[in-house]
Amino acid sequence: MRRYDPADIEPKWQRIWEAEGLHRASEDPADPRPRFYALDMFPYPSGDLHMGHAEAFSGGDAVARFKAMQGYNVLHPIGWDAFGLPAENAAIKREIHPREWTYANIEQQARSFARMGMSFDWTRRLATCDPEYYRWTQWLFLKLFERGLAYRKSSPVNWCPKDQTVLANEQVIAGACERCGTPVERRDLTQWFFKITDYAQRLLDDMDGLVDWPARVITMQRNWIGRSEGAEVTFTIEETGDEVPIFTTRPDTLWGVTFFVFAVEHPLVRKLAEAGGRWEEVEPLVGKVRNTPLTHREEADTKEGVVLGVHAVNPVNGEKVPCYVAPYVLMEYGTGAIMAVPGHDQRDFGFARQHGLPVREVIRPEGEPASELAEAYVGEGVMVSSGPFDGERSPASIPKVAAWLAAEGRGGAAVSFRLRDWLISRQRYWGAPIPIVHCPAHGEVAVPEDQLPVLLPEDVDFRPGGESPLARHPSWKRTACPDCGADAVRDTDTMDTFVDSSWYFFRYCSPGLTEAAFRREDVDRWMPVGQYTGGVEHAILHLLYSRFFTKALYDMGMVGFTEPFPKLMNQGQVIYGGASMSKSKGNVVEPMPLVERWGADSMRLIILFAGPFEGDIDWKLIAGDPDRRPGVNAWLGRVFGVVDEAASRPHAEEPEALRRLTHRTIRAVTEDVERFRFNTAISKLMVLSNEMRAGLDAGGGAGEAASALVQMLAPFAPYAAEELWREVLGREGSVHASPWPSFEPDVAAEETVTLIVQVDGKVRDKVEVPAGADGAACLEVARASENARRAIGDREVANEIVRAPRLVNLVTR
RNA sequence: GCCGGGGUGGCGGAAUCGGCAGACGCGCGGGUCUCAAAAACCCGUGGGCUUCGGCCCGUGAGGGUUCGAUCCCCUCUCCCGGCACCA
């Protein structure tokens with residue numbers, strides 16, 4: 001009998017598949033197969049692959065192989081998200097160049113992927129740190145710049161005083177630098193932004209079409225975009241005449257305004273404080289908040305604030321209310337100033353109590369008397385003390401008030417988004433340089449396309465200190481203005497790595513193209529992506545940015561669709577003992593040692609069989625003794641046994657029950673794989689192999705079952721399936737290029753079914769009846785059941801529920 | 001606090017147009033083989049009771065609808081995830 005020896009067969013097939021070019025996507029125009037783009041979120045090359053990669057890619061690979069067997073021309077590419085801070089950190093620590101560290105890791109991961117049997121089209125491999133890739137990242141930046149979608153402005157950012165660098169929000173943990181633990185400060189710097197806010201409404205609207213996205217991802221993106229409807233209203237400052245617009249979702253409470261609040265960063269604060277003779281009191285608060293890290297702002301005291309000494313005139317009734325400056329109003333949202341209605345907003349209420357400001361009731365619950373408010377009332381009601389709107393029902397009155405404001409010329413209906421423009425500048429070395437030259441005469445000038453890429457300099461001191469590494473380089477930034485030839489300097493910032501990853505899926509469609517980032521015809525041929533697989537940690541940033549890029553490129557006529565990923569699947573995390581795996585916790589389980597010891601097929605089966613793909617896997621709970629043979633490995637051994645035995649007696653008659661199970665299994669497994677239910681698919685294959693064993697032991701044949709089993713095993717255990725297909729079953733060509741088995745309904749149909757006989761809803765008997773048994777026949781069988789009679793005893797049967805041919809329930813009085 | 005998802009054997013998990021709860025696997029127990037052990041293979045495995053025919057209980061807790069509820073409804077509870085001064 002043929003032994004199952006993964007150490008022997010896996011490297012062998014890996015070589016043969018590579019030599020045969022089995023997984024290359026076909027670009028032959030005569031290829032009649034429909035196309036399918038199976039995309040996995042590309043990895044970041046920090047060391048070797050971890051368990052999370054193993055799970056995500058095992059699932060993605062199962063889908064790609066399944067689709068190929070279903071007759072699709074599959075594009076299943078791989079690449080690396082290879083720019084980023086960790087490469088620099090590692091380089092600083094080990095004194096090697098970020099490039100060396102990055103490419104070494106990419107090679108390692110590529111070898112591991114190949115060893116795992118991933119069906120990638122390696123000819124399309126890319127890395128975002130490759131000059132031939134980032135050249136086009138820069139080119140896309142310039143396209144956005146041309147359209148006004150990339151612009152520069154001053155913005156507050158997180159700054160680590162020890163590392164002397166700007167940090168992304170996600171690099172700030174509890175107000176401190178994640179690397180050195182130093183509390184971060186706030187700096188105002190001029191930065192590049194992408195104008196994603198122009199697309200806020202479309203990003204929101206188009207999600208209605210993303211029916212195959214996980215609901216929670218949709219929810220997270222909706223929350224992130226944060227659309228609010230309301231009104232904009234312009235107040236006038238009594239003492240200076242300044243006009244200050246505010247956004248409110250509750251214009252129906254305009255008559256309840258008793259004060260007015262500015263964010264500390266609001267450009268009018270100093271002027272107004274000075275006009276009110278209060279700058280001395282205001283300045284310390286402004287300074288304090290300015291030095292508070294952005295990530296700490298949420299902990300600021302809601303009641304803190306200082307009076308400005310000036311008054312705002314309420315346009316609806318001419319009332320003058322005092323102005324304050326307070327940290328609870330954010331410059332980043334709305335207009336950076338608010339009308340305060342303590343009667344109907346809890347934050348305003350708290351502030352009013354603290355500062356002795358009046359609280360006015362202007363929305364009253366229907367049918368109730370006027371009351372002294374003990375807290376803000378935010379529910380429905382009737383407008384009172386509201387001039388022309390007295391008696392109007394709120395919130396129905398909101399659009400009426402907005403329309404009235406518009407007619408009066410003091411504002412009107414407005415929509416506000418929480419989404420802010422995407423800050424892409426990074427004062428870091430290991431990223432794509434921003435292709436802009438700053439000319440004293442011409443300002444921001446695009447680097448001409450024929451001068452791309454703007455290459456990163458090699459000889460750089462990328463250790464932290466003072467300025468960004470590119471700014472510190474003695475000569476790199478010096479250049480001539482492309483417009484006038486005068487001395488000018490390059491922009492010394494690099495782009496956020498999320499820019500790199502916002503278009504990599506387009507590049508896969510036109511690999512190695514030297515004239516453009518991609519060809520529209522290539523992209524339109526393969527995209528939108530058939531299935532996108534990756535972690536939920538990218539639910540907002542990467543997916544939102546990629547959607548934005550796609551829409552912007554669509555508007556430029558560069559692609560023919562507006563959503564890149566109509567179908568999205570998130571795999572769960574692989575954790576250990578309820579916590580994420582990490583080196584500091586010492587609980588990291590790596591996939592490659594498992595692959596070396598038991599084979600890639602076993603590693604893939606362990607992880608796919610452990611539970612639902614979307615759910616987390618706690619390795620501590622699913623893994624047994626690491627030195628003990630995994631159950632799935634033993635199962636593969638048994639599969640080799642049954643397939644070998646079936647092949648050795650091709651003329652033996654296959655039992656009808658086995659044929660039926662085979663066809664039922666084909667139907668069920670096909671459905672399971674389509675729904676990412678790999679765990680149940682594998683369990684059904686186990687059932688089939690168990691039944692084959694029983695049939696063979698009884699002397700029957702199992703040829704059809706063996707063939708189907710091997711084919712259905714192929715997406716999950718590609719090496720073992722290939723060995724069985726070609727060597728044991730002796731088929732020509734790869735199992736992975738064979739057509740997915742089809743089930744025949746006639747064969748799958750049951751001849752008999754188990755009739756459940758219940759008495760008063762409790763199961764009392766199970767009887768085999770013909771599958772076509774009608775109600776009367778079933779009832780007869782049920783009445784005849786000895787067990788049922790005993791359960792009924794001397795009671796009278798009052799009701800008979802019949803669901804032929806599955807169930808009869810005899811109900812006694 | 002708000003929104004979303006979930007609670008099923010010793011463990012991972014099956015089963016939801018309301019109709020056999022616990023598929024499949026791990027673990028565990030017993031057996032075959034062996035001098036012995038491991039491996040492999042076979043049998044058993046929710047709890048309790050049993051006259052060995054079966055019976056009772058059981059899907060976080062309580063209630064409801066129904067002939068019948070893991071599934072639908074209400075209340076509660078715990079866990080996980082996301083958001084959280086968003087005007």
Side-chain angles (χ1 to χ4, degrees), chain A residues 214-224 226-228 230-231 246-251 253 261 263 297-303 326-330 332-341 344-348 350-351 416-420 536 539-540 572-573 578 605-606 609-612 614-625 628-632 634-635 637-638 641 677 679-690 693 697 753-766 786-787 790-791 797-803 806-812:
Chain A
R216 61 175 168 162
V217 177
I218 297 280
T219 305
M220 285 164 74
Q221 290 213 0
R222 280 192 200 285
N223 289 343
W224 188 263
R227 185 180 194 273
S228 298
I246 58 100
F247 175 78
T248 178
T249 54
R250 295 296 304 276
T253 63
V261 191
R297 283 290 290 279
E298 61 211 42
E299 294 161 25
D301 184 352
T302 305
K303 300 185 181 76
Y328 86 90
V329 174
L330 305 177
E332 292 79 21
Y333 186 76
T335 64
I338 63 158
M339 66 179 209
V341 185
H344 305 286
D345 181 283
Q346 197 52 49
R347 292 154 303 166
D348 296 346
F351 193 89
S416 184
F417 293 94
R418 201 188 81 109
L419 181 70
R420 288 189 275 154
V536 74
I540 295 173
Q573 283 184 28
L605 285 172
I606 287 170
F609 184 60
E614 308 95 302
D616 289 349
I617 293 172
D618 193 329
W619 197 266
K620 190 177 181 182
L621 299 178
I622 64 151
D625 182 344
R628 222 163 142 166
R629 186 178 184 191
V632 292
W635 175 60
R638 290 194 290 276
R677 309 193 56 155
N679 57 329
T680 53
I682 293 164
S683 87
K684 283 158 191 163
L685 297 181
M686 289 173 170
V687 172
L688 180 60
S689 73
N690 291 345
R693 177 79 272 157
D697 287 347
V753 295
T754 305
L755 175 72
I756 305 301
V757 182
Q758 295 182 338
V759 175
D760 294 328
K762 288 183 177 172
V763 179
R764 295 302 178 190
D765 208 353
K766 301 172 187 181
E786 199 54 46
N787 287 344
R790 192 172 44 244
V797 175
N799 195 4
E800 290 162 332
I801 312 288
V802 182
R803 295 285 180 274
R806 301 260 171 214
L807 177 131
V808 171
N809 186 12
L810 304 173
V811 185
T812 64

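Residue numbers begin at 1 in each chain, while the letters A, B, ... track the order of the sequences. It should be emphasised that the depicted structure is a prediction, and the values quoted were computed from it without experimental measurement.
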Mind checking the [atom1] distance from [N] to [M]? Whole angstroms is fine.
N: B:U59; M: B:C20; atom1: C1'; result: 15 Å
N: B:G53; M: B:A39; atom1: C1'; result: 42 Å
N: B:C57; M: B:G44; atom1: C1'; result: 22 Å
N: B:A14; M: B:G60; atom1: P; result: 15 Å
N: B:U34; M: B:C41; atom1: C1'; result: 14 Å
N: B:A61; M: B:A69; atom1: P; result: 15 Å
N: B:C33; M: B:A23; atom1: C1'; result: 31 Å
N: B:G58; M: B:G64; atom1: P; result: 15 Å

Rounded to whole Å, please give me the gap between [atom1] in [X] and [atom2] in [N].
X: A:Asn223; N: B:C83; atom1: CG; atom2: P; value: 8 Å
X: A:Ile218; N: B:C83; atom1: CD1; atom2: P; value: 16 Å
X: A:Ile682; N: B:C26; atom1: CD1; atom2: P; value: 13 Å
X: A:Arg790; N: B:C56; atom1: CZ; atom2: P; value: 11 Å
X: A:Glu800; N: B:G68; atom1: CD; atom2: C1'; value: 15 Å
X: A:Tyr333; N: B:A84; atom1: OH; atom2: P; value: 13 Å
X: A:Leu605; N: B:G12; atom1: CG; atom2: C1'; value: 15 Å
X: A:Arg418; N: B:C83; atom1: CZ; atom2: P; value: 8 Å

Once salt bridge (Lys or Arg N to Asp or Glu O under 4.0 Å) is applied, do any residues pair with [X], and if so which ones, sequence neighbours excluded?
X: A:Arg629; value: none
X: A:Arg764; value: none
X: A:Arg222; value: A:Asp208

| Any side-chain heavy-atom pair of A:Val341 and A:Arg250 under 4.5 Å | no
Sorted by position of nearest nucleotide on RNA chain B, 5' first, the leading residue of A:Arg638 and A:Ile617 is A:Ile617
Sorted by position of nearest nucleotide on RNA chain B, 5' first, the leading residue of A:Ile622 and A:Ala215 is A:Ala215
Per the glycosidic torsion and the 90° limit around 0, nucleotide B:G44 is anti
chi for B:G9 classified (syn = within 90 degrees of 0, anti otherwise) as syn
With respect to the phosphate group of [N], does any side-chain polar atom (N or O) of [X] fall under 4.0 Å of OP1 or OP2?
X: A:Arg629; N: B:A40; value: yes
X: A:Asn690; N: B:G25; value: yes
X: A:Arg216; N: B:C83; value: no

N/O contacts under 3.5 Å, protein versus nucleotides 14-20 of chain B?
unit_1, atom_1, unit_2, atom_2, d
B:A14, OP1, A:Asn679, ND2, 3.3
B:A15, OP1, A:Arg677, NH2, 2.8
B:A15, OP2, A:Arg677, NH2, 3.1
B:G19, O6, A:Arg803, NE, 3.3
B:G19, O6, A:Arg803, NH2, 3.3
B:G19, N2, A:Gln758, OE1, 3.0
B:G19, N2, A:Asn809, ND2, 3.3
B:C20, O2, A:Lys766, NZ, 2.8

Side-chain contact check for A:Lys762: nearest option of B:A87, B:C56, B:C67 is B:C56
- Candidate pair A:Glu332 and A:Arg420, rule side-chain contact (heavy atoms from CB on, under 4.5 Å), full reasoning: CA-CA 8 Å; A:Glu332 292 79 21; A:Arg420 288 189 275 154; 3.0 Å; yes
| message | Looking only at the side chains, is there a donor atom on one of A:Arg790 and A:Asn787 sitting less than 3.5 Å from an acceptor on the other? | response | yes
Describe the nucleic acid contact of [X] in one word from base, sugar-phosphate, nothing, applying a heavy-atom distance below 4.0 Å.
X: A:Arg764; result: sugar-phosphate
X: A:Gly631; result: sugar-phosphate
X: A:Leu621; result: sugar-phosphate

Identify all pairs in which a protein N or O lies below 3.5 Å from an N or O of nucleotides 45-51 of chain B, and state each distance.
none

For RNA chain B, the expected dot-bracket line (Watson-Crick or G-U under 3.5 Å, [ ] crossing, | inter-strand) is (((((((..(((......[....)))((((((.......))))))((((....))))..(((((..]....))))))))))))....
